[in-house]
Amino acid sequence: MQPNLNRLLRALAREGLEVAYDGRLYTVRLQGDANAPPAEVLLPPDLPVEGKAFRQLAQLAALKHPGGGAVLRVRATPDFHPGDSGVAIGSVLHTQGMVVPGAVGTDINCGMRLHVADLSVETFLSRRDDFVERMKGHYFFGTRDVAMSSRAAEALLRDGIPGWLLETMEQPLGCAARADLSQLDRESTRIHLGGALEGTPAWAPVGYLKSGVVRDAGLATIGGGNHFVEVQRVESIGDRTRAWEWGVREGQLAFMIHSGSRDMGRHVGGAWKDRARAAWPTGKPFPDSGILPLSEPTLVAEYLRAEATAANYAFLNRLLLAELLRHTLRELFGDVEAPLIYDVPHNITLPWEGGWLARKGACPADADQPVIIPGSMGAPSYLMVGCGETRALASASHGAGRARSRFSMARGGADRRDAVLGLTGVDCITLREERRIEEAPAAYKPIGPVVASQVEAGIVREVARLSPLLTFKA
DNA sequence: ATGTGC
């Protein structure tokens with residue numbers, strides 16, 4: 001238990017929150033709301049606890065819709081922290097008969113992708129500067145040449161990666177013309193749910209599909225905040241059998257991508273924020289939290305398809321970010337095999353046990369399925385295997401979690417000084433110098449205890465630990 | 001998170 005816990009619990013009680021702690025799990029609820037389901041948080045004892053995030057979690061569990069539907073359970077991952085839309089990052093929400101667009105937000109299908117590469121670290125580093133210049137061109141200076149027929153774009157939004165591939169094989173445009181499309185087809189089985197969700201192309205921005213060729217300046221771009229593309233080394237193996245089965249070996253070069261649906265998710269998520277407000281029953285007061293569920297069945301179905309549309313786009317964004325990197329490795333080093341290990345969303349609503357599970361910054365940890373937990377800049381990342389632990393709503397953390405705000409890092413004083421000191425040995429490629437400070441290791445919680453607590457709780461097991469070689473951040 | 005917003 002952390003030393004200031006009693007003080008924190010008293011402060012939360014003054015704000016109308018009941019918090020219980022059993023030495024491992026916190027259970028939190030709004031006072032006087034005995035009917036609300038419990039919201040549980042797994043937290044290792046030495047991690048800081050944030051009152052605002054607890055309050056957001058209790059409010060999420062207390063959600064009700066006058067038209068029906070229910071929150072069954074709420075769970076938060078050990079890296080959870082306050083979110084600015086009212087829902088904490090690291091929240092997992094199990095509902096039945098209703099969905100909550102705000103419980104995913106606008107960063108729809110933000111997620112992780114991991115490749116390994118059949119190339120020694122030494123060989124790669126011998127041409128580091130050349131590699132960096134080429135990748136800067138692709139990711140930052142728009143030489144990436146992404147184009148697709150509007151048929152392919154429509155197929156992508158409606159059917160996901162397999163649909164996009166089918167149309168692209170007929171008419172490969174832009175960087176897809178240089179890609180090994182049959183390899184991409186084989187690899188789509190290593191994308192969560194095949195990267196094939198049921199979307200509705202009409203949810204794309206007006207005019208997106210209008211011309212014969214879609215040149216989308218947002219595709220194959222990293223995006224801001226904690227998003228990155230990182231070249232890594234497989235540092236150690238925790239589960240030899242599983243690592244062998246998945247094709248991961250110690251000492252291998254690897255690359256990891258953390259990105260989402262860019263403007264497509266912003267567009268869809270933003271539209272549904274307004275839609276949920278407009279659909280709230282007239283005469284009923286809005287919830288204090290501002291978090292608005294949908295319960296009318298046709299609206300629920302329509303939202304899920306809209307979310308799936310942006311999610312399909314995010315799968316392609318990560319695929320293309322990887323394809324540009326794999327292509328560049330092949331330009332520099334010849335026929336390098338660089339297979340996909342897994343691609344998994346950590347911001348999405350998916351069906352679960354007769355209802356829905358909305359994850360906002362939480363990685364699915366279904367039994368025997370790969371789980372990718374990225375480290376913050378300079379820190380190791382983890383490839384894990386899920387255990388399908390139902391009390392944890394089959395979910396793991398999506399990182400170490402922010403410990404200090406961007407604002408706190410940007411201003412002078414101790415945070416900024418710690419940030420600068422912590423950058424030693426971090427090879428970060430960015431055009432925005434402030435990004436190094438905002439995203440410095442000192443801005444994040446230590447990932448070690450975050451991962452260890454989840455192993456101890458039977459949520460995930462370690463397969464491999466990956467250490468950073470160089471990191472691209474927009 | 002977001003071709004961000006005052």
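What you see below is based on every heavy atom in this structure, not just the backbone, and it leaves out hydrogens, waters and symmetry mates. Predicted model only: the values in this text are computed from it and were never measured. A note on names: the letters A, B, ... follow the listed sequences, proteins ahead of strands, and every chain is numbered from 1.
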Under the salt bridge (charged side-chain N to carboxylate O under 4.0 Å, His left out) test, residues paired with A:R305 that sit two or more places apart: A:E198

Considering residues at least two apart in sequence or located in another chain, which fulfil the side chain to side chain contact (heavy atoms under 4.5 Å, CB included) criterion with A:E389? A:R391, A:A392, A:I459

Sub-3.5 Å pairs of nitrogen or oxygen atoms, protein against nucleotides 1-3 of chain B:
{"residue": "B:dA1", "atom": "OP1", "partner": "A:N226", "partner atom": "N", "Å": "2.2"}
{"residue": "B:dA1", "atom": "OP1", "partner": "A:N226", "partner atom": "OD1", "Å": "2.4"}
{"residue": "B:dA1", "atom": "N3", "partner": "A:T106", "partner atom": "OG1", "Å": "3.0"}
{"residue": "B:dT2", "atom": "OP1", "partner": "A:R262", "partner atom": "NH1", "Å": "2.9"}
{"residue": "B:dT2", "atom": "OP2", "partner": "A:G224", "partner atom": "N", "Å": "2.4"}
{"residue": "B:dT2", "atom": "O3'", "partner": "A:R262", "partner atom": "NH1", "Å": "3.1"}
{"residue": "B:dG3", "atom": "OP1", "partner": "A:D263", "partner atom": "N", "Å": "3.4"}
{"residue": "B:dG3", "atom": "OP1", "partner": "A:D263", "partner atom": "OD1", "Å": "3.0"}
{"residue": "B:dG3", "atom": "OP2", "partner": "A:R262", "partner atom": "NH1", "Å": "2.4"}
{"residue": "B:dG3", "atom": "OP2", "partner": "A:R262", "partner atom": "NH2", "Å": "3.2"}
{"residue": "B:dG3", "atom": "N2", "partner": "A:D263", "partner atom": "OD2", "Å": "2.4"}

Tell me which pairs pass ring pair (Phe, Tyr, Trp, His ring centres under 6.0 Å) where either residue lies in residues 381-403 of chain A, with sequence neighbours left out. A:H346-A:H398

Show which side-chain atoms of residues 84-94 of chain A pair as donor or acceptor with protein atoms under 3.5 Å away, not counting sequence neighbours.
{"residue": "A:S91", "atom": "OG", "partner": "A:A88", "partner atom": "O", "Å": "2.6"}
{"residue": "A:H94", "atom": "NE2", "partner": "A:W352", "partner atom": "O", "Å": "3.2"}

Can you run down the ring pair (Phe, Tyr, Trp, His ring centres under 6.0 Å) pairs that involve residues 137-158 of chain A, sequence neighbours left out, and say none if there aren't any? A:Y139-A:F472

